Amino acid sequence: MAKDMDKKANISFEGQSLEFPIYSPTLGPDVIDISKLYGTGGVFTYDPGFTSTASCESAITFIDGDKGELLYRGYPIDQLAEKSHFLEVCYLLLYGELPTNAELDDFENRVTRHTMLHEQMTNFFRGFRRDAHPMAIICGVQGAMSSFYHDSTDISDPWQREVASIRMIAKLPTVVAWAYKYSIGQPFVYPRNDLDYASNFLRMCFSVPAEDYEVNPILSRAMDRIFTLHADHEQNASTSTVRLAGSSGANPFACIAAGIACLWGPAHGGANEAALSMLREIGTVDQIPEYIRRAKDKSDPFRLMGFGHRVYKNFDPRAKVMKQSADEVLGLLGIENNPTLQVAKELERIALEDDYFIEKKLYPNVDFYSGIILDAMGFPTTMFTPIFALARTVGWIAQWKEMIADENQRIGRPRQLYVGEAHRNYVDAEKR
Ligand code: CMC
């Protein structure tokens with residue numbers, strides 16, 4: 001963070017004028033440091049939804065919403081999606097640089113050798129209702145990891161933080177695959193070390209003891225790309241949740257469980273499930289105008305799921321890659337005439353020409369096409385958000401580690417604009 005000595009912000013109110021430093025980031029708008037505002041001026045700022053507030057310093061991910069740009073450690077997402085792969089991206093997010101071959105081998109080896117779950121965890125899974133949503137299971141199992149891996153919960157020990165990080169990145173695919181297997185009544189499939197990260201996950205989801213699952217390299221590449229595109233997204237709701245939970249000193253397994261819980265919401269990670277359900281509900285191209293009309297109607301709560309983004313006000317660069325992947329996967333499977341894909345493409349075309357969507361800068365986001373790919377691979381909609389959680393785990397961990405290592409880190413404690421009753425005296429029940 002560079003403090004710009006020439007730039008200062010003055011805030012004047014009620015006869016006093018206060019001066020605050022301005023910091024210039026590597027990229028993005030300047031930031032006014034108002035951390036001393038309450039101490040010197042006795043007032044808070046009010047910013048619901050944090051639309052104008054930087055909650056931390058970070059060197060991991062950068063988004064330029066107007067340009068439609070997403071960088072991981074400075075590298076554009078489209079280059080990483082095309083040339084890199086998920087575990088290399090994990091290394092980049094965690095340690096800040098692309099690995100050498102030797103560093104990557106060592107990292108992949110460490111992840112691969114931590115993919116098994118403590119055997120007792122199979123009992124834990126079996127405690128859930130058969131019809132439980134996989135996100136509910138994953139939330140619970142992730143939280144329970146702090147009891148199974150208690151030897152890596154001391155956040156003051158860098159070695160334990162590192163072990164916990166590797167454990168979570170390695171074990172989440174197993175947890176997510178097992179949540180799926182449990183929900184469909186099939187036996188758990190154990191990880192295999194000779195497969196890459198994405199192929200191993202696909203096999204754990206789709207193999208059965210009676211018949212092994214041959215992983216198609218195009219599908220595993222598409223899966224890996226989905227992981228890469230979802231790996232981090234700076235200070236979004238679930239990442240901020242992880243940071244806030246971690247700021248109290250909570251252990252990393254508990255913090256990531258908090259992130260998973262937040263991701264589940266339909267305005268965040270749950271949107272991919274909602275987007276595919278919506279495309280199916282629309283069903284045919286001729287129904288699209290009616291749904292566009294509803295999306296524009298203020299008295300109708302309906303929104304076009306997979307459209308719009310808090311930060312991207314041009315296009316979502318992840319959606320572009322995802323659309324290309326959808327074409328590849330459906331082409332490979334010989335279902336390029338899939339009606340849902342046709343509805344999605346036509347909906348996108350119509351919405352992008354519509355004044356309402358143009359004025360409000362609403363573009364397809366990452367979730368618009370990801371559901372179509374996952375559906376074509378054979379995943380039910382309930383697995384979409386778990387797959388997002390699996391991929392985002394590395395981002396949450398990188399952000400959590402960055403926060404713990406920050407010397408200025410303090411417990412997160414927002415203030416409020418209180419609008420409730422002022423003082424009043426207790427009234428006995430018989431007098432109310
Ligand atoms: N369909 C119709 N209108 C919309 C939509 C939509 N999908 N999204 C926003 N608007 C309108 C909204 O009604 C508002 O209109 P007005 O100014 O007249 O009140 C305006 O656009 C601004 O919307 P907002 O809700 O104030 O914007 P936000 O930044 O708070 O919300 C969002 C961003 C992603 C929650 C929202 O666009 C949305 O609900 N989209 C659908 C859900 C979705 O696809 N979420 C996935 C996000 S990407 C994955 C992730 O990062 O988790």
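Remember, it's 1-based here, ligands and their atoms both numbered in the order they're listed. Just so you know, these numbers come straight off a predicted model, no measurement behind them.
- Atoms of ligand 1 found under 4.0 Å from any heavy atom of F307, numbered from 1 in the order shown, are 7 (N), 37 (O), 40 (N), 41 (C), 44 (O).
- Contact analysis puts K298 in contact with ligand 1, with a non-hydrogen atom separation below 4.0 angstrom.
- Within ligand 1, the atoms closer than 4.0 Å to a non-hydrogen atom of D367 are 46 (C), 48 (S), 49 (C), numbered from 1 in the order shown.
- Remark: aromatic rings of Y182 and F125 are distant, center separation not under 6.0 Å.
- Within the 4.5 Å cutoff, the side chain of C90 has no heavy atoms near those of the E108 side chain.
- Under the 4.0 Å criterion applied to side-chain N and carboxylate O atoms, D367 and R318 are not assigned as salt-bridge partners.
- Residue G306 approaches ligand 1 through these ligand atoms, each under 4.0 Å from one of its heavy atoms: 43 (C), 44 (O).
- Those atoms of ligand 1 that come under 4.0 Å of a heavy atom in G269, given as number and element, are 52 (O).
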Please output the side-chain donor-acceptor pairs of residues 372-383 that fall under 3.5 Å, not counting sequence neighbours, one pair per line with the distance.
{"unit_1": "D375", "atom_1": "OD1", "unit_2": "R280", "atom_2": "NH2", "d": "2.6"}
{"unit_1": "D375", "atom_1": "OD2", "unit_2": "R280", "atom_2": "NH2", "d": "3.4"}

Can you give the donor-acceptor pairs under 3.5 Å from side chains of residues 136-145 to other protein atoms, not counting sequence neighbours?
{"unit_1": "Q142", "atom_1": "NE2", "unit_2": "F253", "atom_2": "O", "d": "3.1"}

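- Distance check for atom 27 (O) of ligand 1: every protein heavy atom is found at 4.0 Å or beyond.
- Proximity of atom 43 (C) of ligand 1 to the protein is indicated by at least one non-hydrogen atom lying closer than 4.0 angstrom.
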